[in-house]
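Small disclaimer: the values here were computed from a predicted structure and weren't measured.
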Amino acid sequence: MVKFVENELQNIQREVKEMWKLVYQQLDNAYNAVLNADQELADKVISREKRVNAFELKIDSDIEDFIALYNPVAVDLRFALAMLKINNNLERIGDYAESIARFVIRTELKPENKILFADLQLEDMYDTVLSMLNTTYEALQRQDIGLAKSIFDKDETLDQINQKALDRLTAYATEHPESIRLCLEVSGIFRKLERAGDHINNLAEETVFYIDAEVLKHRKTILPEKE
């Protein structure tokens with residue numbers, strides 16, 4: 001019985017690890033699609049979103065079956081519950097990657113847009129999000145509570161970059177009224193990245209819960225909106 005439980009736990013852990021890597025790649029590809037106005041890469045992100053969704057459903061089902069069949073307790077139960085929530089948060093982050101890719105498809109980006117993106121610190125915003133996602137992954141793999149908690153301060157950095165970008169976009173739209181639609185679209189990218197940071201915070205909180213049974217869920221309120 002113990003061996004069966006161990007095998008199931010390892011299988012779930014392996015699936016979540018693959019889901020994590022898939023979502024990271026989706027975000028990274030979405031960024032490169034924006035930066036290079038690469039519609040082919042954006043199409044790839046959009047088409048792979050179906051894989052993200054299917055993976056989420058499979059992991060959910062496997063975890064639910066594990067709980068129903070083995071009635072886990074203590075750390076095994078915490079692991080199952082944490083992986084369930086981590087899986088759901090990863091899927092949401094994947095949604096944001098797809099949405100950013102769709103921006104590339106419907107928007108005719110021009111070379112001068114790169115100058116605007118640089119002024120808005122889009123690269124810094126993306127680098128911070130990807131770093132946070134990678135850090136929480138490492139924290140889970142190493143079961144390192146300190147590493148998991150270290151990402152909370154980075155979320156403040158995201159908030160600051162996001163606010164500065166929105167202020168700069170407002171000024172840019174005033175100076176270039178013909179670009180109001182573009183500014184609204186770009187502000188949506190920053191909003192999605194800021195929201196992705198919130199979900200990465202959730203990943204870190206669930207990692208801490210699994211490792212040490214410490215509940216950080218209401219450390220920061222996150223509205224359950226669907227974008």
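Considering CD1 of Ile180 and OG1 of Thr170, their distance stands at 10.5 Å, rounded to 0.5 Å. With rounding to the nearest 0.5 angstrom, the CG atom of Leu41 is 10.0 Å from the CD1 atom of Ile46. If you take CG on Leu77 and CZ on Phe66, they are separated by 8.5 Å, rounding to the nearest 0.5 Å. Rounding to the nearest 0.5 angstrom, the gap separating the CG atom in Asp62 from the CZ atom in Arg14 is 10.5 Å. Within the model, atoms CD1 of Ile86 and CZ of Phe79 stand 8.5 Å from one another, a figure rounded to the nearest 0.5 Å. Atom CG of residue Asn113 and atom CG of residue Leu122 lie 11.0 Å apart, to the nearest 0.5 angstrom.
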Between Leu116 and Leu120, does a side-chain contact (heavy atoms from CB on, under 4.5 Å) hold up when you go through it step by step?
CA-CA 6 Å; Leu116 175 61; Leu120 297 173; 3.8 Å; yes
Decide yes or no on side chain to side chain donor-acceptor pair (under 3.5 Å) for Arg92 and Asn89, but give the supporting numbers first.
CA-CA 5 Å; Arg92 288 303 312 281; Asn89 279 280; over 6 Å; no
Does Tyr31 form a side-chain contact (heavy atoms from CB on, under 4.5 Å) with Ile100? I'd like the steps, not just the answer.
CA-CA 8 Å; Tyr31 168 62; Ile100 292 170; over 6 Å; no
Yes or no on side-chain contact (heavy atoms from CB on, under 4.5 Å) for Ile93 and Leu203, after CA distance, side-chain angles and deciding distance?
CA-CA 11 Å; Ile93 297 170; Leu203 298 178; 4.2 Å; yes
Step by step, would you call Val5 with Leu9 a side-chain contact (heavy atoms from CB on, under 4.5 Å)?
CA-CA 6 Å; Val5 170; Leu9 289 173; 4.0 Å; yes
After noting the C-alpha distance and the side-chain angles of Arg191 and Glu194, does the key distance pass the salt bridge (charged side-chain N to carboxylate O under 4.0 Å, His left out) rule?
CA-CA 5 Å; Arg191 173 61 173 162; Glu194 189 269 335; 2.9 Å; yes
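Between Lys164 and Asp167 there is no salt bridge, since none of the side-chain N atoms of the basic residue sits less than 4.0 Å from a carboxylate O of the acidic one. A salt bridge is absent between Glu40 and Lys44: the closest approach of a Lys/Arg side-chain nitrogen to an acidic carboxylate oxygen does not fall below 4.0 angstrom. Between Glu6 and Lys3 there is no salt bridge, since no side-chain N of the basic residue sits under 4.0 Å from a carboxylate O of the acidic one.
Side chain of Ser61 to main chain of Lys58: no donor-acceptor pair is present (N/O by atom type, distance under 3.5 Å, no hydrogens or angles). No donor-acceptor pair closer than 3.5 Å links the side chain of Thr107 to the backbone N or O of Val104. Panel note: side chain Ser131, backbone Asp127; no donor-acceptor pair is recorded below 3.5 Å. Side chain of Thr136 to main chain of Met132: a donor-acceptor pair is present (N/O by atom type, distance under 3.5 Å, no hydrogens or angles).
Using a 4.5 Å heavy-atom cutoff, the side chains of Glu156 and Asp159 are in contact. Residues Glu56 and Leu90 have side chains not in contact (no heavy-atom distance under 4.5 Å, counting atoms from C-beta outward). Side-chain atoms of Asn88 and Asp60, non-hydrogen and from C-beta on, do get closer than 4.5 Å to each other. No side-chain heavy atom of Leu69 sits under 4.5 Å from any side-chain heavy atom of Glu8. When side chains are defined from C-beta on, Asn36 does not count as touching Leu109, because their heavy atoms never get closer than 4.5 Å. Proximity of Met83 to Gln13: side-chain heavy atoms (C-beta onward) are nowhere separated by under 4.5 Å. At least one side-chain heavy atom of Asp28 sits less than 4.5 Å from a side-chain heavy atom of Leu130.
Considering all non-hydrogen atoms of both residues, Ile59 and Glu15 come closest at CD1-O, 3.6 Å. In this structure, Leu193 and Val129 approach most closely via the heavy-atom pair O-CG2, 3.7 Å. Pairing each heavy atom of Glu206 with each of Ala82, the nearest pair is O-CB, 3.6 Å. Considering all non-hydrogen atoms of both residues, Ala33 and Ala42 come closest at CB-N, 3.9 Å. When all heavy atoms of Ile211 and Ala139 are compared, the closest pair comes out as CD1-O, 4.2 Å. The two residues Ile151 and Ala204 have their closest heavy-atom pair at CG1-CB, 3.6 Å.
Cluster membership for Phe117 and Val45, using ILVMFWY side-chain heavy atoms within less than 4.5 angstrom, is not shared. A single hydrophobic cluster is seen to contain both Ile145 and Val75, as judged by linkage of ILVMFWY side chains at heavy-atom distances under 4.5 Å, directly or through other members. Hydrophobic clustering (side-chain heavy atoms under 4.5 Å, transitive across Ile, Leu, Val, Met, Phe, Trp, Tyr) groups Ile200 together with Ile161. A chain of hydrophobic side-chain contacts below 4.5 Å, direct or via other Ile, Leu, Val, Met, Phe, Trp or Tyr residues, connects Leu35 to Leu133. A single hydrophobic cluster is not seen to contain both Leu57 and Val16; linkage of ILVMFWY side chains at heavy-atom distances under 4.5 Å, directly or through other members, places them apart.
A donor and an acceptor atom, one from each side chain of Glu91 and Asn87, are nowhere located under 3.5 Å apart.
Aromatic ring orientation, Tyr137 versus Trp20: perpendicular (interplanar angle above 60°, classes split at 30° and 60°).
In this structure, Glu175 places its CD atom where more than 12 heavy-atom neighbours from other residues, nucleotides or ligands lie under 6.0 Å away. Residue-environment remark: NZ (Lys154) exceeds the threshold of 12 foreign heavy atoms within 6.0 Å. In the displayed structure, Arg106 atom CZ is contacted under 6.0 Å by more than 12 heavy atoms of other residues, nucleotides or ligands.
Just one residue in the list Arg78, Gln143, Glu205, Lys85 forms a side chain to side chain donor-acceptor pair (under 3.5 Å) with Tyr210, and that residue is Gln143.
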